[in-house]
Colleague: 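Structure below; questions to follow.
Chain letters run A, B, ... following the sequence lines, proteins first and then strands; every chain starts at 1.
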Amino acid sequence: MRYTNGFFPTLKEIPQEAEIASHQLMIRAGYIQKLSSGLYTYLPLGLRVIQKVQNIIREELGRCGAIELLMPILQPREIWERSGRYTLMGELMMKCKNREQKEFILAPTHEEIVTDIVSRRVNSYKQLPLNFYQIQTKFRDELRPRFGVVRAKEFIMKDGYSFDADQEGADKTYLDMYKAYERIFKRCGLKAVPVRADTGVMGGNESHEFMVLAASGEDGIAICKGCGYAANTELAERIPASREGGKEMPGAMSEVHTPELRSVDELAAFFKTDPHKFIKTMIYTAGGDPVAVLCRGDVDINEVKLKRALNTQDVALADPVTIERATGAPVGFAGPVGLKIRMIADLSIHGITNAVTGANKKDTHVVNVNMPRDFKAPEFADIGVVKAGDECVKCQGTLDVQRGVEVGQVFKLGTKYSITLDATYLDKNGEKKPAVMGCYGIGVSRTVAAIIEQNNDENGIVWPMAIAPYEVAVLPISMKDEALVSAAMGLYNALQKLGIEAVIDDREESAGIKFKDADLIGFPVKVILGPKSFKEGNVEIKMRKDGKSTIVPCEEAALKVRDLVNQEKLYV
RNA sequence: CGGAGCGUAGCGCAGCUUGGUAGCGCACACCCUUGGGGUGGGUGGGGUCGGUGGUUCAAAUCCACUCGCUCCGACCA
């Protein structure tokens, strides 16, 4: 590509709307253009990168026998009602009507459709297993799109769905996909870690997310330094780190006047003690009934875990009226002592001596509270948010908590959709059985952002060779020097013939501008033709990654570049 | 939806408190200059000041409403 024929709209300044590196760089380097919140155009450079990721996905999925198809984005409402997900998805799903007032949705995912295909076209165990995938635009009416293409309303996703005759087959497919994902992300130049994950509205029984570690990530990941256990903080099991110092003798429980003091921080300052001496008591409603949820003052409640512990999705902090009715006190003064409603406690309150907690009386707390002397031991469960320093349940090692961007997720779905949508087959004995399903997603556009998040420096993007929109930039420094320009063109043509993806910067611009733009866009290799070295018949080959450069005779440059490019690409 | 902030030229911003001819830098066009890290100089074009309504002799500036965008939270195949 000649630079003057292409479209490389770079920006010198950081766009005001972009917060994180990948978003800023994608805009500045001319990869994306925002149309509206959460809606982006992939400019030619951006599209090339997307296609690179897609091709890696196609190759790796093809290797495990997955087959590509393409399903409609616009889907009738009824099929979503049949699966029960029309209301479950709620506002997340884009809805619209056609001229006949028939209702449609824009697909956020495709389980319903793919299952429908199987229900219509698959009858026998002889046709199984099947593993379909597509790469396509998805719509989700996000409450808050953010970070550019990391969380957009319209985004590109690879979604795959497998159908096996039995659980054993489904487990094997799951493992195949898991391994394929590891290869895909590795080839994308990403350090992605698989972590155990919640299944959310997808349902199913087992799931892993592939997380790219990045400070700007939206998800928390707990990782055990000892055994490698890794899980999304939504469900990461942990043993809360002990905060007890020396042994204390239980003191006499007594009430203390604490006017207008509600938060643990305020109270800790008032009592001149640490947050871990408090038993925090929050009143929730679960399935309509009030429940007191207890945890140590330095711990937060994880509502995903709480829902699981209470075995209901309908869990929320109670409103002030409910709290007053349940505890006899306004918000901020609840405690376990004398409380009549159901209580569930996080493991962290085990072994607290002489705790401070609410007295269930306005402007009053009690001190020197001890369990079970002062209140009956409640139900216990791991319902706290995991924190760095907590213990691993597998090996008692220490857990670390990091941030990550979720680039992929794999689910074992079981038979949830095959039963409701009738994806059944006849087995050897003529018996009708539901297919055992799995589903597998990769956020393609988000993966591109994640790659940039992990591969950039102060000058711009540093693409892994396999993902770069072009592998090489040929930079003639002086456009006045005809011999130099024609040598640059010759080199560019030679690279093309060798199958190398190259751009020649044929603009009448100064050297500085060409260097800055090339580095911002992120070409892995620069071939620089400067007047001085060119006079001696030499050109410079400079790597974006580490800035290392080599001087080679002009006529050897093309082959040398090809070797460098191929060497970088063949690392998997 | 709760909290915070921002909308002035393609981009980044100043001007608003205290109302009085709309500015700066970059980018863009042309000329000269320069040619190894956003070269220097000159000339020039480009703005319904997000929108609507109000106050006023006069509104980018004050008031009300509204739309859009961003961040924190809630939410999240």
Side-chain angles (χ1 to χ4, degrees), chain A residues 9-20 23-24 27-28 30 33-39 80 83 85 88-94 105-112 136 138-148 150-153 155 157-161 197-204 207 209 216 218-219 232 234 300 303-304 313 316-317 406-411 413 417 439-443 446 458-460 475-481 484-485 505 507-520 526 528-534 539-540 542 547 549 551:
Chain A
T10 57
L11 257 32
K12 192 183 270 185
E13 288 178 278
I14 298 172
Q16 167 253 58
E17 71 191 49
E19 205 75 9
I20 64 171
H23 190 193
Q24 292 175 352
I27 296 171
R28 280 188 60 209
Q33 174 65 50
K34 184 171 77 178
L35 174 63
S36 174
S37 181
L39 301 175
W80 284 80
S83 72
R85 288 209 298 182
L88 195 60
M89 285 282 179
E91 299 296 307
L92 195 65
M93 200 146 67
M94 292 288 298
I105 61 98
L106 292 178
T109 174
H110 278 75
E111 281 79 11
E112 280 73 4
Q136 198 209 34
K138 294 278 185 286
F139 293 85
R140 292 173 58 189
D141 194 7
E142 292 287 347
L143 284 175
R144 182 143 96 81
R146 58 181 130 179
F147 301 147
V150 170
R151 180 165 296 277
K153 292 189 187 219
F155 59 101
M157 176 166 151
K158 185 290 292 186
D159 47 325
Y161 310 90
D198 188 48
T199 50
V201 295
M202 297 300 302
S207 178
E209 288 167 335
S216 57
E218 295 181 281
D219 292 285
N232 192 303
E234 283 179 355
D300 293 311
E303 292 189 9
V304 176
Q313 284 298 303
L317 273 171
E406 179 198 339
V407 288
Q409 188 164 11
V410 291
F411 297 86
L413 288 180
Y417 296 95
C439 83
Y440 320 94
I442 293 177
R446 174 185 282 189
E458 66 280 3
N459 290 316
L475 307 181
I477 290 311
S478 170
M479 296 302 285
K480 294 268 189 291
D481 184 336
L484 185 151
V485 170
D505 193 342
R507 292 176 297 172
E508 293 279 351
E509 291 288 359
S510 69
I513 286 182
K514 291 187 179 186
F515 287 133
K516 288 290 182 190
D517 276 337
D519 287 349
L520 178 59
K526 290 190 288 283
I528 304 159
L529 292 90
K532 278 180 209 132
S533 52
F534 181 70
V539 303
E540 178 184 354
K542 193 165 187 179
S549 75
I551 309 290

Colleague: In the strands shown, is C24(B) matched to any nucleotide by a Watson-Crick or G-U wobble pair with both distances under 3.5 Å, and which?
Modeller: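 Across all strands, the one nucleotide that pairs with C24(B) is G12(B).
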
Colleague: What is the distance, to the nearest angstrom, from the CD atom on Q24(A) to the P atom on U70(B)?
Modeller: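 Going from CD in Q24(A) over to P in U70(B) covers 14 Å.
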
Colleague: State whether the side chain of K516(A) and the backbone N or O of K12(A) hold a donor-acceptor pair below 3.5 Å, judged by distance alone.
Modeller: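 Absent.
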
Colleague: Report which part of the nucleic acid E209(A) touches: base, sugar-phosphate, or nothing (heavy-atom distance under 4.0 Å, all strands).
Modeller: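 No contact at all - E209(A) keeps every heavy atom at 4.0 Å or more from the nucleic acid.
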
Colleague: Would you mind reading off the distance between E218(A) atom CD and C71(B) atom P, rounded to a whole angstrom?
Modeller: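 The distance from CD of E218(A) to P of C71(B) comes to 10 Å, rounded to the nearest Å.
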
Colleague: Using purine N1 to pyrimidine N3 plus N6-O4 or O6-N4 for Watson-Crick, or N1-O2 and O6-N3 for G-U wobble, both under 3.5 Å, which nucleotide pairs with A4(B)?
Modeller: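 Result: U70(B).
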
Colleague: Determine the Euclidean distance between corresponding P atoms of A27(B) and G12(B); express it in Å to zero decimal places.
Modeller: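 The same atom, P, in both gives a distance of 15 Å.
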
Colleague: For atom P, what is the distance between U33(B) and G42(B), given to the nearest Å?
Modeller: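 Taking atom P in both U33(B) and G42(B), they lie 16 Å apart.
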
Colleague: I need the CG-P distance between L143(A) and G3(B), as an integer number of Å.
Modeller: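 Answer to the nearest Å: 16 Å.
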
Colleague: What is the distance, rounded to the nearest whole Å, between atom CD of E13(A) and atom P of C26(B)?
Modeller: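 So the CD-P distance, E13(A) to C26(B), works out to 10 Å.
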
Colleague: Please state the C1' separation for the pair U8(B) and G44(B) - nearest whole angstrom.
Modeller: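 Those two atoms are separated by 22 Å.
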
Colleague: Using a 3.5 Å distance criterion without hydrogens, assess whether the side chain of R446(A) forms a donor-acceptor pair with backbone atoms of E406(A).
Modeller: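 Yes.
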
Colleague: Test your reading of the model: is there a side-chain donor-acceptor pair from K514(A) to the backbone of D505(A), 3.5 Å cut-off?
Modeller: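 Pair found, side chain donor or acceptor close to backbone of D505(A).
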
Colleague: Would you tell me if any nitrogen or oxygen in the side chain of R144(A) comes within less than 4.0 Å of OP1 or OP2 on C71(B)?
Modeller: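 Answer yes for this pair, as a side-chain N or O of R144(A) is under 4.0 Å from OP1 or OP2.
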
Colleague: What residue among M94(A), M157(A), R140(A) forms side chain to side chain contact (heavy atoms under 4.5 Å, CB included) with P108(A)?
Modeller: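 Single pass found, and it is R140(A).
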
Colleague: Take atom P in A64(B) and the same atom in U43(B), then report the distance between them in whole Å.
Modeller: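 It comes out at 45 Å once rounded to the nearest Å.
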
Colleague: Is it the case that the side chain of K158(A) and the backbone of Y440(A) share a donor-acceptor pair, with hydrogens and angles ignored and the cut-off at 3.5 Å?
Modeller: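 A pair under 3.5 Å: yes.
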
Colleague: Using atom P in both nucleotides, what's the gap between U70(B) and C24(B) to the nearest angstrom?
Modeller: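 It comes out at 30 Å once rounded to the nearest Å.
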
Colleague: Partner lookup for U55(B), please. Criteria are Watson-Crick or G-U wobble with both distances under 3.5 angstrom; report none if nothing qualifies.
Modeller: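 Looking at the geometry, U55(B) pairs with no nucleotide.
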
Colleague: Reading nucleotides 35-48 of chain B from the 5' end, what letters show protein touch, with B for base, S for backbone sugar-phosphate only, - for no heavy atom under 4.0 Å?
Modeller: BBBBS---------

Colleague: Using whole Å, what does the distance between atom P of nucleotide C75(B) and atom CD of E406(A) come to?
Modeller: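 About 16 Å, once rounded to whole Å.
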
Colleague: Give, for atom CD of E209(A) and atom CZ of F411(A), the distance between the pair rounded to the nearest 0.5 Å.
Modeller: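 Between E209(A) CD and F411(A) CZ, I get 7.5 Å after rounding to 0.5 Å.
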
Colleague: Distance check needed: A9(B) C1' versus Q16(A) CD, whole Å only.
Modeller: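 So the CD-C1' distance, Q16(A) to A9(B), works out to 16 Å.
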
Colleague: May I ask you to say what F147(A) touches in the nucleic acid, namely base, sugar-phosphate or nothing, with a heavy-atom cut-off under 4.0 Å?
Modeller: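 F147(A): backbone/sugar contact only, no base atoms under 4.0 Å.
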
Colleague: Find the distance E303(A):CD to C76(B):C1' and express it as a whole number of Å.
Modeller: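 To the nearest whole Å, that distance equals 14 Å.
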
Colleague: Under the 3.5 Å rule, do the base of C76(B) and the side chain of R151(A) count as making a donor-acceptor pair?
Modeller: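 Such a pair exists between side chain and base.
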
Colleague: On RNA chain B, nearest-nucleotide positions of G443(A) versus H23(A): which is more 5'?
Modeller: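 Comparing both residues, the 5'-ward one is H23(A).
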
Colleague: For atom P, what is the distance between U61(B) and U56(B), given to the nearest Å?
Modeller: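 My reading of the P atoms in U61(B) and U56(B) gives 16 Å.
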
Colleague: Atom CE of M89(A) to atom P of C75(B): distance rounded to whole Å?
Modeller: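 Roughly 17 Å, once rounded to whole Å.
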
Colleague: Quick one: pull up NZ in K153(A) and CG in L92(A) and give me the separation to the nearest 0.5 Å.
Modeller: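 With rounding to 0.5 Å, NZ (K153(A)) is 10.5 Å from CG (L92(A)).
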
Colleague: What distance, rounded to whole Å, do you find between the two C1' atoms, one in C26(B) and one in U17(B)?
Modeller: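 Straight-line distance between the two C1' atoms is 29 Å.
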
Colleague: Can you tell me, in whole Å, how much space there is between the P of C62(B) and that of G19(B)?
Modeller: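 Rounded to whole Å, the distance is 9 Å.
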
Colleague: In the structure shown, which nucleotide is the Watson-Crick or G-U wobble counterpart of U17(B), with both distances under 3.5 Å?
Modeller: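 Pairing partner: none.
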
Colleague: If only side-chain N and O atoms of R146(A) are considered, is one of them under 4.0 Å from the OP1 or OP2 phosphate oxygen of C76(B)?
Modeller: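 Answer no for this pair, as no side-chain N or O of R146(A) is under 4.0 Å from OP1 or OP2.
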
Colleague: Got a sec, which residues hit salt bridge (charged side-chain N to carboxylate O under 4.0 Å, His left out) with E19(A), two or more places apart in sequence or on another chain?
Modeller: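 Here no residue qualifies.
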
Colleague: Are the side chain of T10(A) and the backbone of R28(A) linked by a donor-acceptor contact shorter than 3.5 Å?
Modeller: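 Between the backbone of R28(A) and the side chain of T10(A) there is no qualifying donor-acceptor contact (under 3.5 Å).
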
Colleague: Hey, which of these two, Y440(A) or G38(A), hits RNA chain B nearer its 5' end, going by closest nucleotide?
Modeller: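 Counting from the 5' end, the first nearest nucleotide belongs to G38(A).
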
